[in-house]
Amino acid sequence: MTRFVYFAWVRERIGTGQENLDIPADVVTGDDLVAWMKGLGENYAHALDDALAVRIAVDQEHVDPRDPIGRPVEIAIFPPMTGG
């Protein structure tokens, strides 16, 4: 099981701040992860509709969508951040 943590509007659209999910073995990259999660329900599809509008951190390390994710303990999904 992997703990998923969602932030900001991603959390609002999915409807929870965190949950535990089993990642299928064929989910290898961040892009694969987003594609798989879109199939979990309308709320996930809506939250992840624009893959360029979300960032992924695997065990607290930002990853490029094409990078392998391995078998993480935690995945965080959040919108891009801006400084100020």
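If you read the sequence from its start, that first residue is 1, and numbering goes on from there. In this text, all values refer to a predicted model and were calculated from it rather than measured experimentally.
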Practice task
Output yes when a side-chain donor or acceptor of Arg66 lies under 3.5 Å from a complementary backbone atom of Val63, and no otherwise.
Solution key: no

Handout entry: Among Ile56, Asp49, Thr29, side-chain contact (heavy atoms from CB on, under 4.5 Å) partner for Val34
Key = Ile56

Problem - Rounded distance [0.5 Å steps], CG in Leu21 versus CH2 in Trp36 - result: 4.5 Å

Quick one: side chains of residues 1-16, donor-acceptor pairs under 3.5 Å with protein atoms, not counting sequence neighbours, listed by atom name and distance.
unit_1: Thr2; atom_1: OG1; unit_2: Pro72; atom_2: O; d: 3.0
unit_1: Arg3; atom_1: NH1; unit_2: Glu74; atom_2: OE2; d: 3.4
unit_1: Arg3; atom_1: NH2; unit_2: Glu74; atom_2: OE2; d: 2.7
unit_1: Tyr6; atom_1: OH; unit_2: Glu19; atom_2: OE2; d: 2.7
unit_1: Thr16; atom_1: OG1; unit_2: Gln18; atom_2: O; d: 3.1

Exercise for the section: Would you mind reporting whether Ile77 and Leu48 have side-chain heavy atoms less than 4.5 Å apart? Expected result: yes

Handout entry: Heavy-atom check, side chain of Val58 versus side chain of Asp67, under 4.5 Å
Key = no

Problem - Contacts of type side-chain contact (heavy atoms from CB on, under 4.5 Å), residue Val73, not counting sequence neighbours - result: Asp59

Problem - CD-CD1 distance between Gln60 and Ile75, expressed to the nearest 0.5 angstrom - result: 12.5 Å

Exercise for the section: Using the rule that two of Ile, Leu, Val, Met, Phe, Trp, Tyr join whenever any of their side-chain heavy atoms come within less than 4.5 Å, decide whether Val28 and Leu40 are in one cluster. Expected result: no

